[in-house]
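Everything numeric here is computed off the predicted structure, so don't read it as measured data. Atoms within each ligand, like the ligands themselves, are counted from 1 in listed order.
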Amino acid sequence: MTISLPKQSKMLTKDFTFGVATAAFQIEGANTTDGRLPSIWDTFCATPGKVLNGDDGSLACDHYYLWKEDIELISNLGVDAYRLSIAWPRIMDKQGRPNEKGIHFYRELLKSLKIKGIKTFVTLYHWDLPQHLEDNGGWVNRDTAYRFVDYVNLATLELGKWVDAWSTFNEPFCSAILGYEYGIHAPGLASPKYGRQAAHHILLAHGLALPVIQQNSPQSQVGIVLNMNRTYAASAKSEDQFAALVRETLDNQFFIEPLLNGQYPKLLEKLLPEYLPTVLPGDMEIISQPIDFIGMNFYTCNHNEYDEKTLFKDVKNQQQVEYTDIGWEIAPHAFSELLINLNKQYNLPPMFITENGAACADELINGEVNDDQRVRYLDGHINAVNDAIEAGVDIRGYFAWSLMDNFEWAEGYSKRFGLCYVDYKTQKRTIKRSGHAYKALLESRK
Ligand code: FCB
């Protein structure tokens, strides 16, 4: 079983970047070391019932200590680029002063990647808000956007030299909506009023940070990472078609439309005005400044039917389809459709696929992990990206999620997404069959 692309694919040329991705909280551990402050995810993990098996980020993949070994692993996979995130609570203290030890960690890491010839894609916010800011209202408080700019100023001044591409945020939908509207991620608040206001402040923070990054790190590209699922109507009935439209509007358009067109979806004004945040004069201009790229994270699709109370509700696909270990439908066609639709709807900047991957119930047997499902998943989705490129979407890179198994948020360590297997007892990493297949694809470019 292999991952392969058509011979003439643009993805096999040197202009296309292949990488692997991780995020700080999911791999670093050492969450009280060298002055790192608590984040909302430490608090969430410590709240009974929030994270499966009471798992937390205190050890994770012990990457804070094993990073040199991990760079070898990244380099062994033969990738062009590595996408990582910086933990805000590691590099700045409560008073907004630099924490030199935390900065040192990222400086050494980024420098070593550059020495290996690996491009660095760095996310400034991958969900780990310092808890002391949450205590003041977190993303529901507009002031947090300005605190973010202080943090970004520090990070980009100190580290900008070694960064090829900065992303301000990873998945504002998840931070704002899963965290403040559904309550299933940190900090666990649950109201559309909070969720949508948090989303607005995150988008505002993105816009406020852009000129600061451009000033401090002029040679780097700057963008933002969004996550999207393609939503299908559960049937041809008009109410189900409507349900799917509402779902995509709230999940997808709500985030991309302000960034690219400077407005929240008009549909909501009539339909769900309570889902529109308070916007101050000038905010939308700040949010919609030009960016160098959009990162897109894609995993699965949804099927929705009409519900009288909530307008839409998730149902299972009526067809026989395959699911991953986290219960997400495998739907590569949905990926190319989503990208092609977006390209019709918006004037898109260049795109990078910043995350894509599968959770599988992997087992290490005689030193090997035969994750055939993940190999098939990657093959299907990488080819879906190729289809979107063929259809005219400007996609410049693809990052597999993830380099290695790690802390999967509310699912704790129960879900494995890695191309490398992590034995959490010994912290030994083993390249899975999918990792070898990915490497072989990248080698086939020579
Ligand atoms: C995305 C997150 C990433 C990872 C994958 C599976 O939503 O950005 O950190 O957990 O899902």
*Can you find a heavy atom in the side chain of Glu158 that is under 4.5 Å from one in the side chain of Tyr106?*
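No, too far: nothing below the 4.5 Å cut-off.
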*Just jot down the side-chain contact (heavy atoms from CB on, under 4.5 Å) partners of Asn141, sequence neighbours excluded, or say none.*
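side-chain contact (heavy atoms from CB on, under 4.5 Å) list for Asn141, sorted by chain: Asn136, Asp143, Thr144.
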_Once side chain to side chain donor-acceptor pair (under 3.5 Å) is applied, what residue pairs with a partner in residues 395-405 remain, sequence neighbours excluded?_
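Sorted result for residues 395-405: Asn356-Tyr398, Asp394-Arg396, Ser402-Asn406, Asp405-Arg416, Asp405-Lys432.
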_So, taking the atom named OG1 in Thr43 and the one named CG in Asp135, what distance separates them when rounded to the nearest 0.5 Å?_
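Going from OG1 on Thr43 over to CG on Asp135, the span is 7.5 Å.
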*Can you sort out the partners of Glu329 under side chain to side chain donor-acceptor pair (under 3.5 Å), two or more places apart, ordered by chain and number?*
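Glu329: side chain to side chain donor-acceptor pair (under 3.5 Å) contacts with His303, Asn317.
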*Tell me the residues surrounding ligand 1, counting only those with a heavy atom closer than 4.0 angstrom, sorted by chain and number.*
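Ligand 1 is contacted, at a heavy-atom distance under 4.0 Å, by Gln26, His126, Trp127, Asn170, Glu171, Tyr299, Glu355, Trp401, Glu408, Trp409, Phe417.
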*For Thr22 and Tyr82, test the side chains for any donor-to-acceptor distance below 3.5 angstrom and give the result as yes or no.*
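A donor-acceptor contact under 3.5 Å links the two side chains.
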